[in-house]
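Since the structure comes first, as structure tokens, the remarks are kept for the end.
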Amino acid sequence: GFTYKLLGHYDAATESFYSVIEENPNDVLAYNHLGSIQAARGEHRKALQTYWRALQIDPNHPILHFNTAQSFFALGKYDDAIGSYESALRSKPGWTEAVEGYAKVLIKQSNFKKAEEVLNTAIHVNPTNPDLINLKGKLFFKKGWLSESEEEYKKTLTMDEENYDSLKGLTSIYEILGRYPEKSK
């Protein structure tokens with residue numbers, strides 16, 4: 001099933017995971033893979049039902065909480081997504097992907113203070129992660145703090161000079177400020 005899933009053969013993968021679940025109704029990973037296929041197909045409500053079934057078996061599984069949060073986010077259920085991200089981080093503290101997702105939801109809800117706290121804590125633990133620093137640049141941009149945002153985007157680019165999000169963010173800042181970098185000769 002996993003191989004089929006990686007190859008994008010979702011029907012065959014789904015069939016395999018249902019077979020596994022039929023043989024072992026407590027196979028949390030089979031539920032997780034099945035749910036992730038449903039989410040990849042845009043069937044987030046169905047994916048949530050699958051993840052919830054698995055969480056009944058293992059209520060502390062961080063990946064299940066993370067995937068649940070992702071589906072909630074896709075459905076625009078931000079409060080539920082926050083709860084699921086928090087559960088994922090309780091089970092696996094410091095998990096960068098979960099921190100990023102959590103901060104994105106907080107930013108989407110304009111809870112800038114909490115988003116900044118979350119990002120500062122994560123960056124303190126992992127100061128060389130360009131994705132976290134880039135996200136802090138996005139947060140500052142949303143707050144209207146253009147010089148702070150520019151600084152974070154530039155930090156990101158020192159670590160990952162082709163970071164599209166940071167390049168795009170800097171372009172937006174320069175357009176707003178009417179400032180354009182000099183052309184190289």
Side-chain angles (χ1 to χ4, degrees), residues 1-111 114-136 138-139 160 163-165:
F2 185 70
T3 302
Y4 285 135
K5 180 182 161 190
L6 284 176
L7 293 172
H9 301 299
Y10 291 152
D11 291 335
T14 298
E15 198 174 299
S16 294
F17 291 125
Y18 274 126
S19 294
V20 170
I21 291 167
E22 200 171 289
E23 274 187 46
N24 180 4
N26 292 326
D27 191 317
V28 173
L29 294 178
Y31 283 108
N32 181 59
H33 287 300
L34 185 59
S36 68
I37 291 168
Q38 293 161 337
R41 289 179 161 167
E43 300 170 343
H44 292 284
R45 292 187 198 296
K46 197 172 184 179
L48 285 170
Q49 291 173 344
T50 303
Y51 297 140
W52 287 330
R53 173 65 183 105
L55 284 167
Q56 289 173 343
I57 300 163
D58 184 354
N60 295 313
H61 199 289
I63 294 170
L64 289 169
H65 285 293
F66 175 80
N67 287 341
T68 300
Q70 299 284 82
S71 283
F72 276 134
F73 186 81
L75 292 170
K77 296 179 178 258
Y78 303 130
D79 289 336
D80 293 325
I82 285 172
S84 293
Y85 281 125
E86 288 172 348
S87 294
L89 289 166
R90 270 193 302 278
S91 297
K92 189 176 178 182
W95 183 13
T96 302
E97 289 174 291
V99 168
E100 285 180 55
Y102 185 32
K104 285 178 184 176
V105 177
L106 292 168
I107 292 168
K108 187 82 171 167
Q109 288 191 313
S110 299
N111 189 344
K114 181 69 175 173
E116 190 171 355
E117 287 173 18
V118 167
L119 287 171
N120 284 339
T121 301
I123 291 168
H124 181 74
V125 172
N126 193 352
T128 60
N129 184 305
D131 295 328
L132 293 172
I133 295 167
N134 180 67
L135 195 51
K136 191 171 176 184
K138 285 183 182 183
L139 167 66
D160 176 8
N163 186 297
Y164 174 76
D165 287 336

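For the side chain to side chain donor-acceptor pair (under 3.5 Å) test, no residue two or more places apart in sequence or in another chain qualifies with Asp80. Lys77 meets the salt bridge (Lys or Arg N to Asp or Glu O under 4.0 Å) test with no other residue; sequence neighbours excluded. Under the side chain to side chain donor-acceptor pair (under 3.5 Å) criterion, Lys104 pairs with no residue, sequence neighbours left out. Applying the side chain to side chain donor-acceptor pair (under 3.5 Å) rule to Ser87 yields the partners Arg90; only residues at least two apart in sequence or on another chain are considered. Here His65 pairs with nothing under the ring pair (Phe, Tyr, Trp, His ring centres under 6.0 Å) rule; sequence neighbours left out. Thr50 is linked by a side-chain contact (heavy atoms from CB on, under 4.5 Å) to Tyr31, Leu34, Gln38, counting only residues two or more places apart in sequence or in another chain. In this structure, the side-chain contact (heavy atoms from CB on, under 4.5 Å) partners of Ser71, at least two apart in sequence or on a different chain, are Ala39, His44, Ala47, Leu48, Tyr51. Judged as a ring pair (Phe, Tyr, Trp, His ring centres under 6.0 Å), and not counting sequence neighbours, Tyr4 has no contacts.
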If you look only at distance, which donor and acceptor atoms sit under 3.5 Å apart when one is on a side chain in residues 92-101 and the other is two or more places apart or in another chain?
residue	atom	partner	partner atom	Å
Trp95	NE1	Glu97	OE1	3.3

Please list every donor-acceptor pair under 3.5 Å in which a side-chain atom of residues 119-127 meets a protein atom from a residue at least two apart or in another chain.
residue	atom	partner	partner atom	Å
Asn120	OD1	Lys136	NZ	2.7
Asn120	ND2	Glu116	O	3.3
Thr121	OG1	Glu117	O	3.0

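Closest approach of His61 and Leu55 over heavy atoms only: O-CD2, 4.3 Å. Nearest heavy-atom pair, Pro25 versus Ile57, reported as atom, atom and distance to 0.1 Å: O-CD1, 3.4 Å. Phe66 approaches Ala88 most closely through the heavy-atom pair N-CB, 3.9 Å.
In this structure, the separation between CG on Leu29 and CZ on Phe17 is 9.0 Å, given to the nearest 0.5 Å. Remark: Phe73 CZ to Gln70 CD distance equals 8.5 Å, nearest 0.5 Å. The CD1 atom of Ile63 sits 6.5 Å away from atom CG of Asn32, with the distance rounded to the nearest 0.5 Å. Note that CG of Asp160 is 7.5 Å distant from CG of Asp131, once rounded to the nearest 0.5 Å.
For residues 7-29, every residue pair satisfying the side chain to side chain donor-acceptor pair (under 3.5 Å) rule, not counting sequence neighbours, is listed here: Asp11-Arg41. For residues 43-72, no residue pair satisfies the salt bridge (Lys or Arg N to Asp or Glu O under 4.0 Å) rule, not counting sequence neighbours.
Here the side chains of Glu86 and Leu89 are not in contact, with every heavy-atom distance at 4.5 Å or above.
Between Tyr78 and Phe72, the ring center distance fails the sub-6.0 Å criterion.
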